[in-house]
Amino acid sequence: SLGPTHPDMLMILKNLCGLLHELGRYDEAKPFYHLAQRSLESALGPKHPDTLESLHNLSMLLQDEGEYAEAELICRQALQGYE
């Protein structure tokens, strides 16, 4: 088993998130976005660009679901990581 923080696993997980999101299967995508974010943060740290990108992607999913307040909060969290 490669484990949840192996680079190949993270790449596949990010691709699955994007695919489910694009298909409009938000309820299925959301837990994978959270898993990707946690795994990236664990593997790379909270300020790594890939971790921050995963936060942004999660905020976009939340925006598409109409969860604007939560989307804004997470988007701001990602933005702070770049400061």
Side-chain angles (χ1 to χ4, degrees):
S1 173
L2 298 177
T5 59
H6 188 279
D8 292 342
M9 176 69 171
L10 292 170
M11 180 184 63
I12 292 167
L13 185 56
K14 286 171 49 175
N15 289 341
L16 178 60
C17 291
L19 174 63
L20 292 171
H21 189 164
E22 188 68 27
L23 290 171
R25 293 164 53 184
Y26 304 143
D27 289 342
E28 290 179 67
K30 192 181 227 177
F32 288 114
Y33 273 114
H34 283 287
L35 176 59
Q37 193 279 320
R38 287 190 311 269
S39 297
L40 285 161
E41 187 170 324
S42 175
L44 304 173
K47 293 196 176 243
H48 190 279
D50 287 351
T51 303
L52 298 173
E53 178 188 16
S54 75
L55 282 172
H56 177 257
N57 292 341
L58 175 58
S59 76
M60 296 304 294
L61 174 79
L62 294 167
Q63 180 179 334
D64 288 344
E65 287 186 311
E67 297 181 33
Y68 301 116
E70 188 177 358
E72 179 184 1
L73 188 80
I74 290 175
C75 195
R76 287 181 184 275
Q77 181 182 352
L79 184 60
Q80 286 176 348
Y82 284 105
E83 295 176 343

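These numbers come from the heavy atoms of this one structure, side chains and all, not from hydrogens, waters or symmetry mates.
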note = Those residues at least two apart in sequence (or on a different chain) that pass ring-ring contact (aromatic ring centres under 6.0 Å, His included) with Y68 are none
task = May I ask you to check whether over 12 heavy atoms, not counting those of D8, lie within 6.0 Å of atom CG?
result = yes
Identify every side-chain donor-acceptor pair in residues 74-83 under 3.5 Å, counting partners at least two apart or on other chains, and give the distances.
unit_1	atom_1	unit_2	atom_2	d
R76	NE	E72	OE2	2.9
R76	NH2	E72	OE2	2.9

Between SG on residue C17 and CE on residue M60, distance to nearest 0.5 Å = 14.5 Å
task = Would you indicate whether the side-chain heavy atoms of L62 and K30 approach each other to under 4.5 Å?
result = yes
inquiry  = For a side-chain contact (heavy atoms from CB on, under 4.5 Å) check, start with the C-alpha distance between E65 and D27, then their side-chain angles and the critical distance, and finish with the verdict.
reply    = CA-CA 9 Å; E65 287 186 311; D27 289 342; 3.8 Å; yes
key: Selection residues 26-54 - residue pairs positive for ring pair (Phe, Tyr, Trp, His ring centres under 6.0 Å), sequence neighbours left out   = H21-Y26, H21-Y33
ask   = Of the non-hydrogen atoms in A43 and T5, which two are nearest, and what is the gap between them?
value = CB-CB, 3.7 Å
ask   = Does any pair with a residue in residues 43-58 pass salt bridge (charged side-chain N to carboxylate O under 4.0 Å, His left out), and if so which ones, sequence neighbours excluded?
value = K14-E53
request  = Measure across T51 and P46 and return the closest heavy-atom pair with its distance rounded to 0.1 Å.
outcome  = CG2-O, 3.9 Å
ask   = With sequence neighbours left out, what residues match L35 under side-chain contact (heavy atoms from CB on, under 4.5 Å)?
value = L13, R38, S39
key: ILVMFWY clustering at 4.5 Å (side-chain atoms), partners of L23   = L19
task = With sequence neighbours left out, write down each residue that passes side-chain hydrogen bond (donor to acceptor under 3.5 Å, both in side chains) with E70, or none if nothing qualifies.
result = none
request  = May I ask you to list the residues sharing a hydrophobic cluster with L10, side-chain cutoff 4.5 Å, ordered by chain and number?
outcome  = L40, L44
Residues that N15 engages under side-chain contact (heavy atoms from CB on, under 4.5 Å), provided they are two or more places apart = M11
